[in-house]
Amino acid sequence: MNIFFSLIAGLVFGLGLIISGMTNPAKVHGFLDVAGAWDPSLALVMLGGILVASIGFFFARKQSQSWLGLPLQMPSARNIDRRLVLGSLLFGIGWGLAGICPGPALVLVGSGVVKGGIFALAMLSGMVLFEVVESNRKLPVASAATTNPPAK
Amino acid sequence: MTIDTIHFTPIAALLGGLLIGAAAALFMLINGRIAGISGIIGGILRPVVGDILWRFAFVFGLILAPVLYGTFATLPETQVDSSYPLLIVAGLLVGIGTRYGGGCTSGHGICGISRLSPRSVVATLLFVSSGMATVFVLRHLLGVN
């Protein structure tokens, strides 16, 4: 059942991205180009999304589990660390270069846009690269954790 | 700063945003999960038994969205100005950056801010700023696009 609702959620999310215009990289560039003719559309997408999502999260917080009886997996990390800052800055550079972020990349794949597919492949490669580096780092980090308190 | 009144689509943007927000809200209420695209894909690349199928289903839903949309209406035009080498560099940076930073426009931008997470507010401010700075350098200093 949760797999069915995942599919629906992905579908609705994707339809929202298409309707909002955010699957068009030129439109995202229009938002990020504050020194040119600025297209504020993306800000309104965020506003609309945050409005509805915050209502959902408000009610979710009052529940002990999801409607399907699954645990509510709310992120608990609160520390602003080097990973968050560096990662977000890098992401922003890539986003600015192409005007594409992960959600629209997948929608572009489904639209049959070749350049979207190339971007998505590169993005997946980047994520795989991250996993490889992470798993290599884990060993020395794990032994260091016995002497130092864990970072999280 | 001048507002691009020709391309500004406030109603479509708000409507689309509401749908995105609804998907994120229901995903937490029904499935108990954050609708963060980079995190969902990342979990496929770091597989945990019993925690994979729903991720594929979500990704499949995103890919299916334009197919479904296209059967009832004409898909809006997309314009990708970036060259292939630029797209590859951009994709790599987005892949590495979102995983290292723990989220993207959906996970930090929509879900995180909705949860009033200070981490996500900082992350969103940072990636929007560096995105704007990148476009400024690209368009106005280097004259690309």
Side-chain angles (χ1 to χ4, degrees), chain A residues 2-3 5-7 9-16 18-20 24-26 30 32-33 35 37 39 41 44-45 48-50 52-54 56-57 60 66-67 70 72 80 84 87-98 101-103 106 110-111 115 118-119 122-123 126-127 130-131, chain B residues 4 7-9 13-14 16-25 27-32 37-38 45 53-54 57-58 61-63 65-66 69 78-80 82 87-88 90-101 104-106 110 113-115 122-123 126-127 130-132 134-135 140:
Chain A
N2 73 322
I3 289 161
F5 283 111
S6 291
L7 177 76
L11 198 58
V12 174
F13 201 107
L15 291 174
I18 296 168
I19 290 167
S20 70
N24 184 5
L32 294 175
D33 187 9
D39 177 358
S41 301
L44 284 183
V45 180
I50 290 167
V52 182
S54 51
F57 286 117
S66 84
W67 293 347
L70 297 163
L72 292 168
I80 291 151
L84 183 88
S88 299
L89 287 173
L90 283 180
F91 163 44
I93 295 171
W95 191 36
L97 288 179
C101 57
L106 294 176
S111 312
K115 280 187 162 181
I118 298 291
F119 176 91
M123 179 181 83
M127 290 179 170
F130 168 83
E131 291 301 335
Chain B
D4 184 351
H7 292 106
F8 183 34
T9 46
L14 253 179
L18 293 178
L19 264 185
I20 293 169
F27 201 48
M28 177 52 72
L29 286 165
I30 297 174
N31 283 34
I37 317 293
S38 59
L45 304 173
L53 269 180
W54 70 270
F58 193 99
L62 272 174
I63 295 174
Y69 188 99
T78 49
Q79 182 192 341
V80 190
S82 315
L87 281 170
I88 292 170
L92 283 170
L93 285 172
V94 169
I96 297 166
T98 53
R99 294 301 292 139
Y100 198 52
C104 56
T105 344
S106 50
I110 304 275
I113 292 181
S114 300
R115 295 186 300 113
V122 169
L126 287 174
F127 63 68
S130 73
M132 285 176 170
T134 303
V135 171
H140 301 283

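Worth saying up front: this structure is predicted, and the values here are computed from it rather than measured. Chain identifiers are assigned alphabetically (A, B, ...) following the order of the sequence lines, protein sequences preceding nucleic acid strands; residue numbering begins at 1 within each chain.
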Shortest non-hydrogen separation from [X] to [Y] and the atoms involved:
| X | Y | answer |
| --- | --- | --- |
| B:I30 | A:S66 | O-OG, 2.7 Å |
| B:Y100 | A:G87 | CD2-N, 3.7 Å |
| A:G110 | B:P66 | C-CG, 3.5 Å |
| B:S82 | A:L97 | OG-O, 3.1 Å |
| A:A122 | B:L87 | CB-O, 4.3 Å |
| B:V80 | A:P25 | CG2-CG, 3.8 Å |

Best-contacting candidate, [options], against chain B by heavy atom pairs under 4.5 angstrom:
| options | result |
| --- | --- |
| A:A9, A:G14, A:G10, A:G30 | A:G10 |
| A:S6, A:G94, A:G16, A:G96 | A:S6 |
| A:L70, A:L72, A:L84 | A:L84 |
| A:I19, A:L15, A:L11, A:I118 | A:L11 |
| A:I80, A:V45, A:L90 | A:V45 |
| A:S88, A:A60, A:S54, A:G56 | A:S88 |

Interchain contact, B:H140 with chain A, by part (heavy-atom threshold 4.5 Å): side chain
Can you tell me how far the [atom1] atom of [X] sits from the [atom2] atom of [Y], to the nearest 0.5 Å?
| X | Y | atom1 | atom2 | answer |
| --- | --- | --- | --- | --- |
| B:I20 | A:I18 | CD1 | CD1 | 10.0 Å |
| A:I50 | B:I113 | CD1 | CD1 | 4.0 Å |
| B:T78 | A:K115 | OG1 | NZ | 10.5 Å |
| B:N31 | A:N2 | CG | CG | 5.5 Å |
| B:T134 | A:D33 | OG1 | CG | 12.0 Å |
| B:T9 | A:D39 | OG1 | CG | 6.0 Å |

Atom group of A:I93 that falls short of 4.5 Å from chain B, counting heavy atoms: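 Both parts, heavy atoms under 4.5 Å.
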Proximal component of A:F91, with respect to chain B [non-hydrogen, under 4.5 Å]: both
Trace of the side-chain contact (heavy atoms from CB on, under 4.5 Å) decision for A:F130 with B:L45: CA-CA 10 Å; A:F130 168 83; B:L45 304 173; over 6 Å; no
Option in [options] with maximal non-hydrogen atom pairs under 4.5 Å from chain A:
| options | answer |
| --- | --- |
| B:S38, B:A24, B:G21, B:S106 | B:G21 |
| B:V122, B:V94, B:L19, B:I88 | B:V94 |
| B:A57, B:A123, B:A25 | B:A57 |

Short side-chain to backbone donor-acceptor contact, B:S130 and A:L89, under 3.5 Å: yes
Partner set under side chain to side chain contact (heavy atoms under 4.5 Å, CB included) for B:A23, not counting sequence neighbours: A:V12, A:F13
